[in-house]
**Q** 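Below: one structure in structure tokens.
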Amino acid sequence: MTTISESSKKLDMALSKDRARVLKSLVLSDKLFSFATRAAAYAVLILLAGIIISLIVGAWPAMKAFGFEFLVTRRWAPQLEPEPVLGALAPIYGTLVSSFIAMLIAVPFGLGIAIFLTELCPHSIRRPIRLAIELLAGIPSIIYGMWGFFVLGPFLANYIEPSIVSAVANIPVLNSIFSGEMVSNLSLFNASLILAIMILPFITAIAVDVFSTVPPVLKEAAYGIGCTTWEVVNNVVLPFTRVGVVGGVMLALGRALGETMAVTFIIGNSFKISGSIFAPSTTISAAIASEFAESEGLHQSALILLGLLLFVLTFIVLASARFMLMRLEKRAGA
Amino acid sequence: MKFSSLIAAGFALAASVSVAFAEDISGAGATFPYPIYSKWADAYKKVSGVGLNYQSIGSGAGRKQIQAKTVTFGATDIPQKEEYLNTNGFVQFPMVMGGIVAIVNLEGVAGGDLVLDGDTLANIYLGKVKTWDDAAIAKLNPKSKLPSLPIIVIRRSDGSGTTFNFTTYLSKVSPDFQKNVGAGEAVEWPVGIGAAGNAGVAANVMQTKGSIGYVEYAYATQNSLAWTDMVNAAGKHVKPTLASFKAAAAKGDWANAKNFYLILANSPGEDSWPMMATTFILMYAQPADTAASNAALKYFDWAYSNGGKMAEDLDYVPMPDSVIAQVRSAWKGIAK
């Protein structure tokens with residue numbers, strides 16, 4: 001007996017020692033793991049702060065020279081003697097308007113496609129269509145730019161836009177928005193259309209994903225009491241997935257605001273604010289892309305300031321979207 | 001016998017290796033002379049074994065690179081003033097010249113079918129002449145049937161030496177243009193669509209009916225675009241040819257141009273083409289790496305002596321012999 005109990009005691013001791021060692025090593029690896037993940041998360045924050053700081057440092061001379069005037073000046077004359085006159089109003093206008101038009105086109109189309117795919121589409125063609133739309137998201141933006149420049153732009157300018165112009169020629173307001181004074185291959189509208197095509201897959205892909213999270217029993221119940229597809233989508237699917245859909249739309253908007261290469265190709269790079277969407281314009285990112293390499297001094301600083309403004313603009317848009325979403329949820333919860 | 005020949009072979013091998021590994025000349029700047037610089041470099045590599053690494057990134061960027069001392073020479077289409085040269089310790093000399101042409105895209109209009117004068121061209125770029133059948137254009141081209149299409153103005157979106165030379169010309173011939181736009185690499189255009197690079201302007205004009213743009217002559221011929229003839233300072237109708245470029249270049253008073261600061265815009269003379277560009281090289285007078293600097297000078301020296309024909313094949317105008325002699329004496333200011 002004694003021998004057995006003694007040996008079991010020994011065993012216990014050995015085991016507890018082992019356990020302590022194992023636990024100790026676990027604690028160590030746990031700490032390492034938590035440190036590594038924390039470092040990764042903080043590194044992003046530090047990176048973000050670094051980017052903002054270097055933008056501010058680079059933009060400082062322009063901020064000092066132009067102050068708040070920069071935001072409301074329409075002129076862009078980098079080599080004016082004796083002092084350059086530079087203002088961000090034209091590129092800000094171009095950025096906002098092109099993104100707005102792009103969203104106007106892409107959101108209904110994107111959600112429409114997603115509803116079709118999840119509610120109405122026969123199973124056999126669902127996969128090919130989804131695949132095609134996901135492929136659309138994978139096309140590099142320079143390809144969109146080239147296609148817009150060589151194919152879409154000339155097509156719109158030669159066949160579509162002249163008929164729009166003549167159709168609204170006698171309607172006030174519309175005839176200045178769709179003015180035919182200078183219809184060319186490169187314009188604000190053409191850039192917006194390319195942007196719409198580029199952001200469509202983001203909206204569709206995310207919407208399809210969140211739509212498929214709706215519990216079938218909810219939909220079946222709705223159909224069971226005689227709802228039409230539209231009623232099911234409008235009253236069951238969309239309310240259930242609102243947060244995800246708005247998230248996808250915001251992601252798309254973020255991309256539209258910052259899109260550079262394709263827009264630079266087809267917007268016409270003109271620092272003019274024209275009432276017509278068929279006139280050439282520019283965006284913040286297009287202005288930076290086309291002028292940065294050959295800029296010096298105050299001109300370069302002003303371009304960096306434009307970059308900082310885009311940063312702030314994107315932040316404001318995304319933050320206000322978050323805020324809207326929060327209010328929506330609160331109201332829904334109440 | 002055998003041993004010594006082995007040694008000789010060894011030396012020969014070593015020599016050939018050292019030639020093959022001789023450091024490439026590094027330069028950066030203007031895009032306009034890039035075709036001829038690379039053509040010269042190919043030929044030069046065959047005779048000397050020394051290659052050229054030229055980054056065609058634009059005049060302004062080239063000046064930044066040489067200021068940062070990351071390259072041995074910078075290339076700029078805009079002559080730099082004495083103050084800039086002195087503060088940076090640069091020596092400046094011209095390398096090659098070329099012509100700028102206006103290109104148009106109109107149905108049934110081929111190269112040389114239309115003629116413009118400086119004032120009309122300036123008014124087109126000011127947005128004052130708006131359609132192709134405007135009286136100012138019709139008066140210059142009584143025989144051509146001009147459509148009543150709007151003129152779509154294409155110009156550069158990036159800072160550009162070509163723009164500098166083009167706007168310098170327009171400012172010289174049109175006080176209105178001088179007052180409202182002025183000369184510069186990146187000016188405040190009142191109208192038009194911005195395109196990146198000579199190639200971008202050419203591509204845009206090719207794509208857009210009723211458009212007009214300005215490019216280096218080589219870009220017009222390579223893309224078979226319709227260029228326009230010009231009325232020059234002497235009031236004569238001239239065509240963009242090597243002969244008219246040369247005539248304009250010959251009017252340049254290089255002998256009296258300090259630091260070769262000379263802009264060949266609106267040259268006098270009955271045969272002179274009015275819109276010209278000269279491209280310049282910037283090098284340090286006191287280079288940090290004299291070996292690299294000497295290698296670059298050797299390449300330029302070779303190009304002046306042997307590159308004239310190659311330049312003319314690409315529609316560039318080589319510098320006249322008198323200017324080359326002047327440049328070679330200016331090289332005495334670069335520490336060897």
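Order of the sequence lines fixes the chain letters, A, B, ..., with proteins taken first and strands second; residue numbering starts at 1 for each chain.
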**Q** How about Phe109(A): does its CZ atom have over 12 heavy atoms from other parts shown lying under 6.0 Å from it?
**A**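 No - once you tally the heavy atoms of other residues, nucleotides and ligands closer than 6.0 Å, there are 12 at most.
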**Q** For chain A, which candidate among Ala186(B), Ala195(B), Ala196(B) shows the most heavy-atom pairs at distances under 4.5 Å?
**A**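 Among Ala186(B), Ala195(B), Ala196(B), the one with the most close pairs to chain A is Ala186(B).
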**Q** Given that the side chain runs from C-beta out, which part of Phe265(A) has a heavy atom under 4.5 Å from chain B: side chain, backbone, both or neither?
**A**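 Neither part, no heavy atoms under 4.5 Å.
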**Q** Output, in order, the C-alpha distance, side-chain angles, deciding distance and verdict of salt bridge (charged side-chain N to carboxylate O under 4.0 Å, His left out) for Arg75(A) and Glu188(B).
**A** CA-CA 8 Å; Arg75(A) 291 183 69 187; Glu188(B) 187 187 17; 2.7 Å; yes
**Q** Main chain of Ser295(A), side chain of Lys64(B): is a donor-acceptor contact present, judged purely on distance under 3.5 Å?
**A**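 Yes.
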**Q** If you tally heavy-atom pairs under 4.5 Å against chain A, which of Pro190(B), Gly210(B), Ala183(B) wins?
**A**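 Looking at each option in turn, the highest pair count goes to Pro190(B).
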**Q** Among Ala203(B), Gly182(B), Gly200(B), Ser160(B), single out the residue with the greatest number of heavy-atom pairs under 4.5 Å to chain A.
**A**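 The residue among Ala203(B), Gly182(B), Gly200(B), Ser160(B) with the greatest pair count is Ala203(B).
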**Q** Using a cut-off of under 4.5 Å on heavy-atom pairs, state which of Gly60(B), Gly62(B), Ser157(B), Gly184(B) scores highest against chain A.
**A**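 Max contact count across the listed options: Ser157(B).
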**Q** Among the options Asn185(A), Ile267(A), Asn158(A), pick out the one with the most heavy-atom pairs lying under 4.5 Å from chain B.
**A**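 Most pairs with chain B among the choices: Asn185(A).
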**Q** Look at Glu291(A), Gln79(A), His299(A) and state which one has the largest set of heavy-atom pairs under 4.5 Å with chain B.
**A**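 With the most close heavy-atom pairs to chain B, the winner is Gln79(A).
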**Q** Does atom OH of Tyr34(B) have more than 12 heavy-atom neighbours from other groups under 6.0 Å away?
**A**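 Counting neighbours around OH of Tyr34(B), 12 or fewer heavy atoms of other residues, nucleotides or ligands fall under 6.0 Å, so no.
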**Q** Has Lys172(B) got more than 12 heavy atoms of other residues, nucleotides or ligands less than 6.0 Å from its NZ?
**A**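 Counting other residues, nucleotides and ligands, NZ of Lys172(B) exceeds 12 neighbours.
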**Q** Looking only at non-hydrogen atoms, find the nearest pair between Phe150(A) and Gln207(B) and report the distance.
**A**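 Minimum heavy-atom contact is CD2-NE2, 3.2 Å.
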**Q** Less than 4.5 Å to any heavy atom of chain A: does that hold for the side chain of Ala61(B), its backbone, both, or neither?
**A**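 It is both, since atoms from each part get that close.
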**Q** Heavy-atom cut-off 4.5 Å, strictly under: side chain, backbone, both or neither for Arg155(B) against chain A?
**A**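 Side chain only.
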**Q** Do the side-chain N and O atoms of Ser290(A) and Asp158(B) include a donor-acceptor pair separated by under 3.5 angstrom?
**A**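 No.
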**Q** Tell me which of these, Pro280(A), Ser184(A), Ala289(A), has more heavy-atom pairs under 4.5 Å with chain B than the rest.
**A**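 Greatest number of close heavy-atom pairs with chain B: Ser184(A).
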**Q** Are Ile193(B) and Asn269(A) packed together at the side-chain level, in the sense that at least one heavy-atom pair is separated by less than 4.5 angstrom?
**A**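 Of all side-chain heavy-atom pairs linking Asn269(A) with Ile193(B), none is under 4.5 Å.
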